[in-house]
Peer 1: 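Have a look at this one.
Computation of the quantities below employed the complete heavy-atom set of this structure, encompassing side-chain atoms and omitting hydrogens, waters and symmetry-equivalent molecules. Numbering starts at 1 and runs along the sequence shown.
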Amino acid sequence: MSRPQEPHRPFFPFGNPFRNISSRGSQLSPRLHGQLNAFEETLSKRLQKLIPKDKDDVLSLSWMKLAMESLYETHNDIKTLIAELELPVSEWDEKWIDVYLDISVKLLDICIAFSSELTRLNQGNILLQCLLHNLESNSPDRFIRASSSLNSWRQHISSKNPRVETCRPILDSLVESLNMPEVKNSAKGKVLMRAMYGVKVETVYICSVFAAAFSGSAKNLKELTIPDTVLWAQAFNDLQTYVNAEIRNIFSHEEFTVIKELDAVNACVKNLYPMIQEGLHDFEVESFKSSVSDLGRLTAKLSQGLDVLSKEVDGFFKIVLTGRDALLCNLRATGSFPDTQCRGEI
């Protein structure tokens, strides 16, 4: 998975995101108001669904899967809205194009980093399988081998992924440009930019949560301030307040890992560690068997969760890439980028 290259385009500073969408310039027709409201109401409901029912759901792979699904659906909705607005690329202001291209290329980089980390975590499962194989064998040196596998797993999981470290400056740059271009003469453009603002806010926030989880650092977690004029403001603020508070609480305990399924595996490994290092006493045999069984179950759950989340990240990468490709192809067709390939280097 790698991101495409893009032609160089200048960066345009954007206007105030708190500006009323119809304060001047083209007024919105009832149809455009309806399209915008439908988009924002859907986004609000989607954000509400992400508010965990229980604090233990925060940073679980199952919740992270739902969050990535939500991003996919929101980006799919913006593609649908663009089509419904019947706003051909030839009529797009250069600022709108820059917004879309700037967001998409950075999101592709973030997706690559997330996929890299999920692959790394999945590689750790191979070491867990070796650990389980050694623990379940009858070999006289099984504990020596198990100890080696266990130490290798802990060292692998606790290591840092350089690609994940690149997410922070990318997210910082997205936050700095987290506003809407001022649109003066196009009612459809106003709708498009306000909708894209919502897409960008949800995307930046969710990606910051993922970056915090994968890096083990709360410094990657963003606290975004948004205008109360958007229909999804309350839902977003509720989500951000709840999730950020719980994530900071998790980090305050300095756990080995903050991803719930991975932490559960580690807790089981810690329980087995003294038995592996010191050997079994007769009274520990049943406890040992139970712990090995638990480790097998938790390892299988972790592996399944990582696989499912990897597919969701890949799906998000693809929808961002296809949207970007479609825009570049349309720009090429209109002569805006005469030398641009319809598909970037992948």
Side-chain angles (χ1 to χ4, degrees), residues 43-74 107 110-111 113-114 117-118 120-121 124 157-158 160-161 164-165 167-168 170-172 174-175 178 198-226 228 230 232-271 298 301-306 308-310 312-313 316:
L43 178 57
S44 179
K45 292 176 182 177
R46 195 169 286 140
L47 292 169
Q48 289 172 6
K49 289 180 180 178
L50 284 181
I51 299 174
K53 296 180 179 179
D54 187 277
K55 65 179 183 179
D56 289 335
D57 292 336
V58 178
L59 295 188
S60 67
L61 292 175
S62 56
W63 181 85
M64 294 173 75
K65 169 185 172 290
L66 291 176
M68 194 54 62
E69 281 181 346
S70 178
L71 287 189
Y72 178 94
E73 291 167 356
T74 299
L107 291 182
I110 288 175
C111 285
F114 290 170
E117 178 62 9
L118 289 167
R120 191 184 72 84
L121 293 176
I157 294 300
S158 61
K160 298 295 184 181
N161 184 342
V164 172
E165 301 303 313
C167 291
R168 188 182 302 175
I170 296 174
L171 289 168
D172 287 345
L174 286 171
V175 171
L178 197 57
V199 175
K200 194 172 181 179
V201 168
E202 183 192 15
T203 303
V204 170
Y205 177 67
I206 295 300
C207 286
S208 81
V209 171
F210 274 56
F214 289 149
S215 67
S217 173
K219 293 180 180 179
N220 284 312
L221 190 63
K222 300 303 179 185
E223 190 89 33
L224 305 179
T225 301
I226 61 170
D228 58 10
V230 293
W232 44 270
Q234 186 63 52
F236 176 79
N237 288 331
D238 290 346
L239 172 66
Q240 180 175 244
T241 299
Y242 186 99
V243 172
N244 282 14
E246 182 55 29
I247 289 177
R248 292 194 172 98
N249 179 57
I250 293 170
F251 277 113
S252 70
H253 291 87
E254 298 182 352
E255 300 289 349
F256 175 70
T257 175
V258 297
I259 297 175
K260 292 299 173 67
E261 288 84 350
L262 192 57
D263 187 53
V265 168
N266 182 59
C268 192
V269 166
K270 286 173 66 176
N271 187 48
L298 293 170
K301 183 179 180 181
L302 172 63
S303 179
Q304 181 181 21
L306 290 172
V308 170
L309 183 55
S310 294
E312 293 298 334
V313 172
F316 180 54

Peer 1: Can you name the residues that form a side-chain hydrogen bond (donor to acceptor under 3.5 Å, both in side chains) with Ser310, not counting sequence neighbours?
Peer 2: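 Testing Ser310 for side-chain hydrogen bond (donor to acceptor under 3.5 Å, both in side chains), a comparison that skips the adjacent residues, returns none.
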
Peer 1: Side chains of Leu221 and Phe251, heavy atoms from C-beta outward: is any pair under 4.5 Å?
Peer 2: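 No, too far: nothing below the 4.5 Å cut-off.
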
Peer 1: Check whether any side-chain heavy atom of Lys65 sits under 4.5 Å from a side-chain heavy atom of Met68, and report yes or no.
Peer 2: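 Not touching, per the 4.5 Å side-chain cut-off.
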
Peer 1: Ser217 and Arg168: side chain to side chain contact (heavy atoms under 4.5 Å, CB included), yes or no, with the steps?
Peer 2: CA-CA 10 Å; Ser217 173; Arg168 188 182 302 175; 3.4 Å; yes

Peer 1: Please report, to 0.1 Å, the donor-acceptor pairs under 3.5 Å made by any side chain of residues 45-53, with sequence neighbours excluded.
Peer 2:
residue	atom	partner	partner atom	Å
Arg46	NE	Glu73	OE1	3.2
Arg46	NH1	Thr74	OG1	3.0
Arg46	NH1	Asp77	OD2	3.0
Arg46	NH2	Asp77	OD2	2.9

Peer 1: Would you indicate whether the side-chain heavy atoms of Leu302 and Leu306 approach each other to under 4.5 Å?
Peer 2: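 Contact flag for Leu306/Leu302 side chains = yes.
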
Peer 1: Are Ile226 and Phe236 side-chain neighbours, meaning at least one heavy-atom pair lies under 4.5 Å?
Peer 2: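 Yes. Closest side-chain heavy atoms under 4.5 Å.
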
Peer 1: Can you name the residues that form a side-chain hydrogen bond (donor to acceptor under 3.5 Å, both in side chains) with Ser60, not counting sequence neighbours?
Peer 2: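 By the side-chain hydrogen bond (donor to acceptor under 3.5 Å, both in side chains) rule, Ser60 matches Ser62.
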
Peer 1: Test Leu121 against Ile259 for side chain to side chain contact (heavy atoms under 4.5 Å, CB included), laying out the working first.
Peer 2: CA-CA 11 Å; Leu121 293 176; Ile259 297 175; 4.2 Å; yes

Peer 1: For Asn271, which residues count as a side-chain hydrogen bond (donor to acceptor under 3.5 Å, both in side chains) partner, sequence neighbours excluded?
Peer 2: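 Counting only residues at least two positions away or on another chain, Asn271 forms a side-chain hydrogen bond (donor to acceptor under 3.5 Å, both in side chains) with Ser291.
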
Peer 1: Suppose the criterion is side chain to side chain donor-acceptor pair (under 3.5 Å): which pairs have a residue in residues 258-267, not counting sequence neighbours?
Peer 2: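 Counting only pairs at least two positions apart or across chains, the side chain to side chain donor-acceptor pair (under 3.5 Å) contacts touching residues 258-267 are Arg154-Asn266.
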
Peer 1: Output, in order, the C-alpha distance, side-chain angles, deciding distance and verdict of side chain to side chain contact (heavy atoms under 4.5 Å, CB included) for Phe210 and Asn220.
Peer 2: CA-CA 9 Å; Phe210 274 56; Asn220 284 312; over 6 Å; no

Peer 1: Hey, does Asn244 have a side-chain heavy atom less than 4.5 Å from the side chain of Tyr205?
Peer 2: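 Tyr205 reaches Asn244 side chain to side chain.
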
Peer 1: Within this structure, what is the OG1-CG distance for the pair Thr257 and Leu59, rounded to the nearest 0.5 Å?
Peer 2: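 Result: 9.0 Å between the selected atoms.
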
Peer 1: Is there a side-chain contact between Leu239 and Trp232 in this structure, where contact means two heavy atoms from C-beta onward sitting under 4.5 Å apart?
Peer 2: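 No. Closest side-chain heavy atoms not under 4.5 Å.
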
Peer 1: Looking at residues at least two apart in the chain, or sitting in another chain, which of them share a salt bridge (Lys or Arg N to Asp or Glu O under 4.0 Å) with Asp56?
Peer 2: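 Per chain and number, Asp56 pairs via salt bridge (Lys or Arg N to Asp or Glu O under 4.0 Å) with no residue.
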
Peer 1: Could you tell me if the side chain of Asp172 sits less than 4.5 Å from the side chain of Lys222, heavy atoms only?
Peer 2: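 Yes. Closest side-chain heavy atoms under 4.5 Å.
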
Peer 1: What I'd like to find out is whether the side chain of Ile247 reaches to under 4.5 Å of the side chain of Val258, using heavy atoms alone.
Peer 2: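 No. Closest side-chain heavy atoms not under 4.5 Å.
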
